[in-house]
Structure formats: C-alpha cells, structure tokens
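Numbering starts at 1 and runs along the sequence shown.
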Amino acid sequence: MNKRKLIKFDIIHPTEYLEQKQKEWTDINEISLEEYRQRLIKLRSNYSDFYTYHLNKTGRWEAEEFFLLDNVFLEKVAKELFGKEYTLQRFLNGRNRTKRKFIPKKWRDYVLHKYIEAKEPDVIFARSQPIPSQFWQKYRKNSLLVARLSARLPFNWHPNHWDIIYTDQPDFKKFFDLHGVTTIINNQGFDRRIPKELKSNPIKKDIVFIGGLGTENFRKRTLFLNNIVKKIEGFKWWGYWWKFGGDGRNLADFPNLKKTFQGSTSGLEMFQIYRDSFVIINDYVDTANGIGFNQRMFEVMGSGGFMLTREAPNFKEQFPDNIFATYKDEKELFEKINYYLDNRTERDKIAQKGQEFVLEKFDYKEIVQDFENDLLKALNVKEK
C-alpha cells in the first residue's frame, strides 16, 4: 500500500526561545538535518510532532515537520537538497537579479519550493501562518492545502486559498463558512507522552502566567495583568512581548509586568513550570469574544498544573466541574488565589482531575484520528 505524504509547516514559538536554544547548542553546525529536526521536536515547543507522530504510527502516512522562521533549519534543508551546488544555488536564487542584494524571503521561498517539489506531498498542512497564503497556491493542483487558525487573521492571508481550515474559534468557523470553505472545529489537545518527560519536583508557591502580551490581540489581558501583578505575592510571568496596540508602547512602559518578567520559555520547560507552580492564571485573546478555549488550558491541565482561568459561558457545556478554578474579575481572582493557598489538598485534587480529564478526552492520538479521516475524505473527493 502506498503511503500518503504530509508535510506540516510550523514554527518554534516564541522566536526568542529558539534563538536562546541555538546559542546553547554548540554542535549545531555539525549535526545533520534530521538530527536537528529531532532536536527541535524534542523541545516540545508549540505543537511539536503531535500530529505527524500519530499519523506515522498508523502506518498509512509519511508525515514530517518543516520548521519555518528557523534559518538554521532552512540552510540544512538547502544543503541536503542542493549538495555541492548549494553555494551556487544560494547565489543565483537568493538575490535580486539587478541589484545583486541577498533577499532572505526570496531564498526561503525558493528552498521551500524545491523541497515541496522533491517530496511531492499529498497534503500541505500549514499549522502556523508566517507565509502569505498566496505562496501555497501553485501546489493546489497536486496537494490538499490545509490550514489551522486560532488567533487573529494573518496579513496577506485569505480563507479561499485553502481546501480545509481548522479552527477552535466558533466565530472563525462562521466567517470561513460564509466564504464557502470547508471549516472544521478542531480541539486543542495534549500528548500523553509529555507527563512522562517531566520531573516530579516539589510544588512552589509561585503564581504564574505564560503567554504573549502587548499587541492588539492581547490588549485586554495586558492591561488586566499589569494591574494585578503588583498585588500578588510570588507572581512571575514568562512569554513574549509585541508592540502594544497602535501606539507602539513596549514592555518598559508597563513597570509591573517588566519587574516580574522572567524571559522566554516554551515546550517541556514551560510544561515543567506549569507542573511545579502553585497557580497558573489563564486569560484569552481578545478575538475569542469571551469563549474560554485556548491551547494554554490543555497544556496547563495536561502537565498536571492547577489552572485559574477567566469564567466563560461555554464551560458548563464543554467541561465537567472541578477540573480547574475560575474567576470573573480582579476581586475574585485574589480571593481564589488566597483560598487555594490555604486549601492545598483541594488544589491538588483539582489539578489531578484536570490532568486525567485532558489525557482521557483530548489526547492527540484521538484528535489525529479525526484529522486523518477528514484528510482522506477530502483527498478522495479531490482525486476523482
């Protein structure tokens, strides 16, 4: 039986975390493309190999990861593709023909194109969207084009450029349905392998937030967190900062957040923080319109952490009681933190139930089964 081929295009997130790791890896220039790919996967950043691993386990797929926004990865791909012609190819296809100026995006697009030509994938799965959607259109005749989107619409991106769009945002589904695009609600999840890769450390008294702040998409939670952190003893946050709103303010303009900032984290290191901290605060992107359903929820609970998340109207229908705690406003947030600091046993039981629930109901093995069924159905229609 011929296996189907899928390439998943994704990123290590945030970029600052990747750059930090690249500095730590002193052998980075000596290892092969595949060794480097596996090293990136083992970081467990973003979505790691949660889709491709389980597709490959079926025996029906050859699925692999391609990491965008990583120049080290890109150059290793190029050297493997072009061999002795690498330097010449980079010179001819990475420069403006008239000014002779090297253009990184031009070179990236050329390498991507040659890689896709060589691999001939049945499915191109753009799990992350750092490239204009128009780029992928030349492959639409021979490949199923699949995207996933949770946050705001990317620049230079159009829903009609895709055969299937996955999202966990109901409002996005309504919007893409109006464009006539097959749009499927695709839950976030957690991989059962992760808890086995974490250490069993004592729980600290830290109150933690991990995620992006700044920018329009995080405006409300940025203002909320900046206001509360000075009132919470032991508060720490890791993440990344984007220019705030349209006024260009940076982290230095938010002294409470700057003082408690711990730097970038991701993947296993982030999951370990979730597991080891006393309370993890969760809030949603502004575009979620109050719906509580983000990747952080599943990562916190799946890691065995205790989550205190903003109340949302969808909880009663989608989640059982006592797998996390909620708050409606600043006052209730403080009350809940103090309550669980005084009731450690109750806090531990909720964290345990949360982990059991996520691993049972939202394991990527089951999510990928539905994903595969969707792909095979769409491929059968496309190939008729």
Under 3.5 Å, which donor-acceptor pairs do the side chains of residues 377-384 form with other protein atoms, sequence neighbours left out?
| from | atom 1 | to | atom 2 | distance (Å) |
| --- | --- | --- | --- | --- |
| N380 | ND2 | L376 | O | 3.2 |
| K382 | NZ | R140 | O | 2.8 |
| E383 | OE1 | R4 | NH2 | 3.1 |
| E383 | OE2 | R4 | NH1 | 2.7 |

Worksheet item: Could you go step by step and tell me if D10 and R127 meet the salt bridge (Lys or Arg N to Asp or Glu O under 4.0 Å) rule?
Response: CA-CA 5 Å; D10 214 332; R127 215 292 313 168; 3.1 Å; yes
Would the distance check show the side chain of [X] and the main-chain N or O of [Y] forming a donor-acceptor pair, the cut-off being under 3.5 Å?
| X | Y | result |
| --- | --- | --- |
| T260 | L257 | yes |
| N93 | Q89 | yes |
| T58 | N56 | no |
| Q355 | M301 | no |
| T167 | K173 | no |
| N294 | D283 | yes |
| K141 | K138 | no |

When the ring planes of [X] and [Y] are compared, do they come out parallel, tilted or perpendicular, using 30° and 60° as the limits?
| X | Y | value |
| --- | --- | --- |
| Y115 | F66 | perpendicular |
| Y240 | F218 | perpendicular |
| W237 | F209 | tilted |
| W107 | F102 | tilted |
| F319 | F315 | perpendicular |
| F125 | Y166 | perpendicular |
| F73 | F67 | perpendicular |

Worksheet item: Going by distance alone, is a donor N or O of one side chain under 3.5 Å from an acceptor N or O of the other, for E269 and W238?
Response: no
Fill in: Any donor-acceptor N or O pair under 3.5 Å, side chains D276, Q272
yes
Worksheet item: How about F334 and Y327: are their ring centroids closer than 6.0 Å?
Response: no
Fill in: is_close_aromatic(F271, F190), centroid dist under 6.0 Å
yes
Worksheet entry | Derivation of the salt bridge (Lys or Arg N to Asp or Glu O under 4.0 Å) call for D109 and K105 | CA-CA 6 Å; D109 290 355; K105 287 185 179 179; over 6 Å; no
Worksheet item: So, is the end of the R44 side chain (NZ or CZ) under 6.0 Å from the ring centre of F50 and within 45° of the ring's axis?
Response: no
Worksheet item: Does the ring of Y53 carry R193 above it, NZ/CZ under 6.0 angstrom from centre and within 45° of its axis?
Response: yes
Discussion item. Determine whether R296 and E299 satisfy the following criterion, salt bridge (Lys or Arg N to Asp or Glu O under 4.0 Å), listing intermediate values before the conclusion.
Written reply: CA-CA 5 Å; R296 188 181 303 104; E299 292 174 340; over 6 Å; no
Joint hydrophobic cluster, [X] plus [Y], side-chain heavy atoms closer than 4.5 Å:
| X | Y | result |
| --- | --- | --- |
| W136 | L153 | yes |
| Y86 | I31 | yes |
| L92 | V77 | no |

Worksheet item: For atom CD of E34, is the number of surrounding heavy atoms from other residues, nucleotides or ligands below 6.0 Å larger than 12?
Response: yes
Item to complete: Evaluate whether atom NZ of K106 has more than 12 neighbouring non-hydrogen atoms of other residues, nucleotides or ligands under 6.0 angstrom away.
Response: yes
Worksheet item: What pair of heavy atoms forms the shortest contact from F298 to G189, and how long is it?
Response: CB-O, 3.6 Å
Practice prompt. Using side-chain hydrogen bond (donor to acceptor under 3.5 Å, both in side chains) as the criterion, list what pairs up with Y51, not counting sequence neighbours.
Written response: N186
